[in-house]
Participant: 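Pasting in a structure now, in structure tokens, and then I'll have a few things to ask.
Residue numbers run from 1 in the order of the sequence given. Since we're looking at a predicted model, the values are computed, not measured.
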Amino acid sequence: MKQHPNLPQPKNLLFATQENRWPTTFTAVVSAILLAFLAGCASIDASKPEIDSRFENANFKPLVGSDAQPAPADWWVGFSSNQLNTLMQKAQADNLNLAATAARLRAAQASLDAAQASFFPTLNFNAGRQENTVKGVSIQGQATNNRGLFTSGSFSASYEIDLWSRVRNTAQAAELQLQATRFELDAAKISLAGELATTWTQWVAADQTVALLEKELESFQTNLKLVELRFRQGSAVASDVLQQRQLVESAQGNLALANSNREVLLNSLSILVGQAPNSLDLTREQLPTLPPIPATGIPAELLNRRPDVQQAWALVLSTDRSVAAAIANRFPQLSLRASFSDQTRSSDLLFDNWVRNLSVNLVAPLFDGGARSAEVDRQRALLDQAVAQYQAAALNALADVDNALIQETRQREAVQSFQQQLALAELSLKRLFAGYRNGSVDYLAILDAQQSTSQLRRNLVNAQQQWVGFRIALYRALSGSIPQQSTAADAS
């Protein structure tokens, strides 16, 4: 199996590197059997992925202060929005995608219970009552009609002796699959929290944009009255009036689009909290003020904390056990069977005379057309796939944190730049209007200043929303698990 030189490699896999050959000598058979048996006794530990020394020198961008504190599990509380906290509680309780993942967890638990049932013998009871009628002709030529009623009952038990740990490895694969599904649920909760917080900040920004455009439209209409007055006084030309009217119409069109965007985002929030569209009624809020950037810790800690990485590692171990089970399935299977039965004409005499049967069955596959060997190859290919996916998850986890740090730092600089640009633009527009009133400034300068100032206001709102969005991405990248959300009923 090809190994990447800069990634942690899974260690102590049971059958990841064994040769896929059917033993041709008695010694090879015994060696393979002992190897499978001993490997089947290996313990399971998927609480954290294997991290080796290759990550000791890995570092994130030095953009966080040495006194930074780790992000809390319920990081959204730091945004100081009761509205967001309420939405988060509803989403964690009622989101349908989260409910589907929770159902998969229950299915994985049932699969584990079924696999572990093979550790125990099966016991069956069978009871019946039958009528036998025999018609014929006697030696003397007389017709005969013999009729009999029989009651039967039997107990049977069977048990497979797990010589090569096939049953044990199958159960361990199911157990690790269950752990992977638990990590999947944790990852789904983190993704939901990040998506909900991001969508909420987008809605807040869209709502602010609507308020901004409403105010600008009112300002543009006031300016239109000023231009029309100057036109009637002969101080302005008709093109000035037409251009200002066009600016008013443009603001009305932008306002319509902004309202549409806000309503669509509100419906997206409704879906995330498990409600029908048009069912949420949110009040106007401001974009949150961000707390200090949280500490990132070291890469190895992050990989041990991230549920998606833990999920990928659990799947590696689960697939490895499936390889072991597939190899053990090529060896003979030994089972014990016992039965206790009786049949009598009177149910009162049932089991007075009984038959006991004890048997030992050995089933050895001699020829199957290569089916079992192909299954081993298939499981090994799935193991290679799981290892590659684990390595990709580890790389993506590190990149998520580094990218979020870079983006937030640069976005903060962009927000500061937009704030300075807007302050200068508003001051310039104010002085241009003063000059326009006394006739020293051409109207085209006023028109350009209004348009650029309006665009800068919208750009600033969008930049602030993206800044918050990058912080949410950082929280999401650093998250280990989401705490259980309390509801109003719980609080009471």
Participant: Rounded to the nearest 0.5 Å, what separation is found between the CG atom of L196 and the CG atom of L87?
Facilitator: 5.5 Å
Participant: Run the side chain to side chain contact (heavy atoms under 4.5 Å, CB included) test on R380 and I327 for me, step by step, so that the C-alpha distance in whole Å, both residues' side-chain angles and the decisive distance to 0.1 Å come before the verdict.
Facilitator: CA-CA 10 Å; R380 281 190 171 135; I327 292 176; 3.6 Å; yes
Participant: Test of understanding: with salt bridge (charged side-chain N to carboxylate O under 4.0 Å, His left out), list the residues that count as partners of R262, not counting sequence neighbours.
Facilitator: D207
Participant: Can you name the nearest heavy-atom pair linking L398 to P299, along with the distance?
Facilitator: CD2-CB, 3.5 Å
Participant: Does the pair L383 and Q379 meet the rule for a side chain to side chain contact (heavy atoms under 4.5 Å, CB included), with working shown?
Facilitator: CA-CA 6 Å; L383 178 59; Q379 292 295 339; over 6 Å; no
Participant: How long is the span from the CG atom in L185 to the NZ atom in K189, to the nearest 0.5 Å?
Facilitator: 5.0 Å
Participant: Between the side chain of D162 and the main-chain N/O of V167, is any donor-acceptor distance below 3.5 Å?
Facilitator: yes
Participant: Identify the heavy atoms of A115 and A174 that sit nearest to each other, and give their distance.
Facilitator: CB-CB, 4.0 Å
Participant: List the residues meeting side-chain hydrogen bond (donor to acceptor under 3.5 Å, both in side chains) with Q416, not counting sequence neighbours, and say none if there are none.
Facilitator: none
Participant: Do E408 and L290 touch side chain to side chain, with heavy atoms closer than 4.5 Å?
Facilitator: yes
Participant: Taking all heavy atoms of A205 and all of L287, pick out the closest pair and write down the distance.
Facilitator: N-CD2, 4.3 Å
Participant: Where the side chain of W313 meets the backbone of N304, is there a donor-acceptor pair that is under 3.5 Å apart?
Facilitator: no
Participant: Does a side-chain N-to-carboxylate-O contact under 4.0 Å join R372 and E375?
Facilitator: no
Participant: Checking N267 side chain against N278 main chain: does a donor-acceptor pair fall under 3.5 Å?
Facilitator: yes
Participant: Considering residues at least two apart in sequence or located in another chain, which fulfil the side-chain hydrogen bond (donor to acceptor under 3.5 Å, both in side chains) criterion with R106?
Facilitator: none
Participant: Working note: R321 + E175, criterion salt bridge (charged side-chain N to carboxylate O under 4.0 Å, His left out); need CA distance, chi angles, decisive distance, verdict.
Facilitator: CA-CA 10 Å; R321 266 51 174 195; E175 181 180 354; over 6 Å; no
Participant: Run the side chain to side chain contact (heavy atoms under 4.5 Å, CB included) check on L84 and M88 step by step: do they pass?
Facilitator: CA-CA 6 Å; L84 177 59; M88 198 68 70; 4.2 Å; yes
Participant: Does S279 reach the main-chain N or O of A276 with its side chain, forming a donor-acceptor pair under 3.5 Å?
Facilitator: yes
Participant: Going by heavy atoms in the side chains, are V309 and Y390 under 4.5 Å from each other?
Facilitator: yes
Participant: Identify, with sequence neighbours excluded, every residue that meets side-chain hydrogen bond (donor to acceptor under 3.5 Å, both in side chains) alongside Q177.
Facilitator: none
Participant: Is N95 reaching over with its side chain to a backbone N or O of L98, donor-acceptor style, under 3.5 angstrom?
Facilitator: yes
Participant: Quick one: are Q333 and R166 in side-chain contact, heavy atoms under 4.5 Å?
Facilitator: yes
Participant: Give a yes or no on this: more than 12 heavy atoms of other residues, nucleotides or ligands lie within 6.0 Å of atom CD of E413.
Facilitator: yes
Participant: Using side-chain heavy atoms (C-beta onward) and a distance below 4.5 Å, is R471 in contact with I293?
Facilitator: yes
Participant: Are the side chain of R306 and the backbone of A477 linked by a donor-acceptor contact shorter than 3.5 Å?
Facilitator: yes
Participant: Nearest 0.5 angstrom please: D402 CG to Q407 CD, how far?
Facilitator: 10.5 Å
Participant: Checking L334 against N361 for the side chain to side chain contact (heavy atoms under 4.5 Å, CB included) test, could you report, in this order, the C-alpha distance in whole Å, the side-chain angles of both residues, the deciding distance, and whether it holds?
Facilitator: CA-CA 6 Å; L334 183 65; N361 300 315; over 6 Å; no
Participant: Does any non-hydrogen side-chain atom of W200 lie less than 4.5 Å from one of E285?
Facilitator: yes
Participant: Could you tell me which residues satisfy side-chain hydrogen bond (donor to acceptor under 3.5 Å, both in side chains) with Q109, sequence neighbours excluded, listed by chain and number?
Facilitator: D113
Participant: Just so I know, are the side chains of L302 and T296 near enough to count as touching, which here means a heavy-atom distance under 4.5 Å?
Facilitator: no
Participant: Without swapping roles, check the side chain of T198 against the backbone of E195 for a donor-acceptor pair under 3.5 Å.
Facilitator: no
Participant: Closest heavy-atom contact between I472 and G194?
Facilitator: CG2-O, 3.7 Å
Participant: Report yes or no: does Q83 contribute a side-chain atom to a donor-acceptor pair with the main-chain N or O of L282 at less than 3.5 Å?
Facilitator: no
Participant: Can you tell me how far CG of L105 sits from CG of L178, rounded to the nearest 0.5 angstrom?
Facilitator: 6.0 Å
Participant: With side chains defined as the heavy atoms from C-beta onward, is the minimum distance between L213 and R458 less than 4.5 Å?
Facilitator: yes
Participant: Distance check, rounded to the nearest 0.5 Å: N254 atom CG versus N259 atom CG?
Facilitator: 11.5 Å
Participant: If you look at every heavy atom in P307 and G480, which pair is closest and at what distance?
Facilitator: CD-O, 3.3 Å
Participant: Could you work out, with ring-ring contact (aromatic ring centres under 6.0 Å, His included) as the rule, every residue matching W75, not counting sequence neighbours?
Facilitator: Y475
Participant: Can you find a side-chain donor-acceptor pair between S479 and R476 that sits under 3.5 Å?
Facilitator: no
Participant: When rounded to the nearest 0.5 angstrom, what distance separates OG in S260 from CG in L265?
Facilitator: 9.5 Å
Participant: So which atom in P291 and which in G78 form the shortest heavy-atom distance, rounded to 0.1 Å?
Facilitator: CD-O, 4.3 Å
Participant: Does any part of the side chain of L257, heavy atoms only, come nearer than 4.5 Å to the side chain of N261, both counted from C-beta?
Facilitator: no
